[in-house]
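Please read the structure below before turning to the comments.
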Amino acid sequence: MKRIVLLRHGQSIWNKENRFTGWTDVDLTEEGVAEAVRAGELLRDEGFAFGMAYTSCLKRAVKTLDCVLDRLDRMWIPVEKSWRLNEKHYGMLQGLDKSETAARYGEEQVHIWRRSYDIAPEPLPEDDPRNPRFDARYACVPDAELPRTESLAQTIARIMPYWHCVVFPSLMRYDNLLVVAHGNSLRGVIKHLKHIPDDEIAALNLPTAAPYVFEFDDTLRLVRDHYLGDPDEIRRRAEAVARQGSAR
């Protein structure tokens with residue numbers, strides 16, 4: 001049996017503040033660190049021994065991965081960081097309070113910006129200091145490939161070549177892979193693995209730091225997927241994600 005564990009990062013500062021984050025490089029909260037540690041303990045108790053790990057270039061995912069590998073005593077395994085696993089880019093929405101934005105533009109519009117498949121928020125201007133073209137970590141990425149905003153469809157188009165060419169083929173070498181990324185980037189991977197239709201993907205809510213296990217047979221055919229942890233706690237955290245963006 002081959003397994004890939006998908007893990008959304010622990011609670012970030014802007015998760016807690018209910019802000020659109022996207023490519024903004026915010027840190028974990030204390031609770032986010034604790035969530036990551038608990039995820040590592042769950043994986044340790046289930047006997048997971050990862051041979052390779054992948055994450056984004058954003059510290060909330062990188063730190064979550066570090067916490068997990070520390071609990072597993074596998075800080076030594078190879079780790080690959082890629083901008084292709086970054087969160088969906090929210091353009092001009094980045095940094096805005098989701099509830100205040102919903103009060104101004106309406107909850108339906110905010111839901112469209114957050115969850116619609118093919119509608120992107122307004123892009124960042126070329127001279128905006130938040131534009132990723134000014135970020136040193138993306139200096140080797142062609143400017144034409146760096147987003148100023150993204151829909152979920154565009155996010156998936158960014159991720160899937162990396163998934164197909166780098167991540168998934170690693171199952172031929174390793175029995176267990178760990179991918180630590182973000183709500184929308186992982187939704188894109190799950191959409192692909194489970195063949196979720198475009199019009200149904202908006203209903204998928206990923207809780208923070210809940211290990212989501214995908215099991216494959218020797219032909220790399222998906223045979224089972226399930227979360228690790230208490231089902232009630234996972235459901236509570238997923239519902240909290242779904243409520244983000246509602247006007248207070």
Side-chain angles (χ1 to χ4, degrees), residues 8-9 12-28 54-65 80-167 179-189 191-192 198 201-202 206 241 244-245 247:
R8 185 184 177 190
H9 61 79
S12 74
I13 293 171
W14 280 11
N15 287 149
K16 184 175 181 178
E17 295 178 359
N18 202 30
R19 295 183 181 276
F20 290 99
T21 309
W23 282 36
T24 309
D25 200 19
V26 301
D27 210 338
L28 296 175
Y54 299 89
T55 190
S56 73
C57 293
L58 301 170
K59 70 175 69 175
R60 57 194 187 272
V62 175
K63 284 192 173 183
T64 297
L65 174 59
E80 184 166 309
K81 302 180 182 74
S82 175
W83 66 278
R84 291 190 178 276
L85 291 175
N86 279 12
E87 175 60 300
K88 168 184 168 182
H89 198 296
Y90 277 102
M92 288 295 290
L93 293 178
Q94 292 186 165
L96 298 183
D97 182 284
K98 293 177 183 176
S99 298
E100 292 176 359
T101 306
R104 180 176 179 181
Y105 296 102
E107 293 187 10
E108 181 178 354
Q109 180 61 64
V110 170
H111 182 76
I112 290 172
W113 284 329
R114 290 184 64 219
R115 293 302 184 87
S116 68
Y117 183 69
D118 55 4
I119 299 176
E122 286 296 312
L124 292 174
E126 288 302 303
D127 60 351
D128 192 302
R130 296 171 294 173
N131 192 316
R133 67 195 291 258
F134 299 121
D135 194 319
R137 82 194 76 192
Y138 310 121
C140 294
V141 181
D143 183 64
E145 296 185 25
L146 291 173
R148 277 59 167 172
T149 187
E150 287 178 312
S151 65
L152 180 59
Q154 291 168 320
T155 305
I156 294 172
R158 159 169 52 90
I159 293 166
M160 294 318 298
Y162 184 73
W163 178 265
H164 288 306
C165 297
V166 178
V167 180
V179 180
V180 181
H182 307 266
N184 281 295
S185 54
L186 292 178
R187 284 169 70 221
V189 171
K191 181 183 189 302
H192 165 71
D198 297 352
I201 192 62
L206 294 180
V241 172
Q244 291 178 350

> Which pair of heavy atoms, one from C57 and one from N86, lies closest together, and at what distance?
Replying inline: N-OD1, 3.1 Å

> Any idea which heavy atoms bring K191 and I156 closest together, and the distance?
Replying inline: CD-CD1, 3.7 Å

> Should we say atom NZ of K81 is surrounded by more than 12 heavy atoms from elsewhere, each under 6.0 Å from it?
Replying inline: no

> Would T155 and N184 satisfy side-chain hydrogen bond (donor to acceptor under 3.5 Å, both in side chains), going step by step from the backbone distance to the final call?
Replying inline: CA-CA 8 Å; T155 305; N184 281 295; over 6 Å; no

>> Rounded at 0.5 Å granularity, tell me how far CD in E122 sits from CG in L93.
In response: 9.0 Å

>> Test side chain to side chain contact (heavy atoms under 4.5 Å, CB included) on V167 and V179; report intermediate values, then the result.
In response: CA-CA 9 Å; V167 180; V179 180; 4.0 Å; yes

> Hey, would you say the F20 and W113 ring centroids sit under 6.0 Å apart?
Replying inline: no

>> Strictly distance-based, threshold 3.5 Å: is any side-chain N or O of R114 a donor or acceptor partner for the main-chain N or O of I112?
In response: no

> Is the CZ atom of R104 crowded by more than 12 outside heavy atoms at less than 6.0 Å?
Replying inline: no

> Just by distance, do the side chain of R19 and the backbone of G95 share a donor-acceptor pair under 3.5 Å?
Replying inline: yes

>> side chain to side chain contact (heavy atoms under 4.5 Å, CB included), that's the test. Do H192 and H164 meet it? Break it down for me.
In response: CA-CA 11 Å; H192 165 71; H164 288 306; 3.3 Å; yes

> With a cut-off of 6.0 Å (strictly less than), are more than 12 heavy atoms of other residues, nucleotides or ligands near CZ of F134?
Replying inline: yes

>> Please identify which of these residues, W14, Y138, Y90, meets the ring-ring contact (aromatic ring centres under 6.0 Å, His included) condition with W23.
In response: Y138

>> Nearest 0.5 Å, please: how far is CG in L96 from OG1 in T21?
In response: 11.0 Å

>> Determine whether a donor-acceptor pair (N or O, by modelled atom type, separation under 3.5 Å) exists between the side chain of R8 and the backbone of L206.
In response: yes

>> So does A181 get a backbone contact from the side chain of S56, meaning a donor-acceptor N/O pair under 3.5 Å?
In response: no

>> I'd like to check H9 versus N15 (side-chain heavy atoms, cut-off strictly below 4.5 Å). Are they in contact?
In response: yes

> What distance do S12 atom OG and H182 atom NE2 have between them, rounded to the nearest 0.5 Å?
Replying inline: 9.5 Å

> Any side-chain heavy-atom pair from L124 and H89 closer than 4.5 angstrom?
Replying inline: yes

> Does D25 reach the main-chain N or O of K59 with its side chain, forming a donor-acceptor pair under 3.5 Å?
Replying inline: yes

> Is there side-chain contact between R187 and K88, with heavy atoms separated by less than 4.5 Å?
Replying inline: no

> For E87, which residues count as a salt bridge (charged side-chain N to carboxylate O under 4.0 Å, His left out) partner, sequence neighbours excluded?
Replying inline: none

> CH2/W83 to SG/C140 distance, rounded to the nearest 0.5 angstrom?
Replying inline: 12.0 Å

> For E17 and D97, what are the C-alpha separation, side-chain angles and deciding distance, and is it a side chain to side chain contact (heavy atoms under 4.5 Å, CB included)?
Replying inline: CA-CA 7 Å; E17 295 178 359; D97 182 284; 6.0 Å; no

> Distance-only, no hydrogens or angles: does the T24 side chain make a donor-acceptor pair with backbone N or O of V26 under 3.5 Å?
Replying inline: no

>> Testing the basics here: between G22 and L58, what is the closest heavy-atom pair and its distance to 0.1 Å?
In response: O-CD1, 3.8 Å

>> Tell me the closest heavy-atom pair linking A153 and D118, and the distance in Å.
In response: CB-CA, 4.4 Å

> Does R158 come within less than 4.0 Å of E145, counting only side-chain N to carboxylate O?
Replying inline: no

> Minimum heavy-atom separation for H111 to A202, with atom names?
Replying inline: NE2-CB, 4.5 Å

>> Surrounding CD of E108 (heavy atoms of other residues, nucleotides or ligands, distance under 6.0 Å), is the total greater than 12?
In response: no

>> Measuring only between side-chain heavy atoms, which start at C-beta, is M92 closer than 4.5 Å to R130?
In response: yes

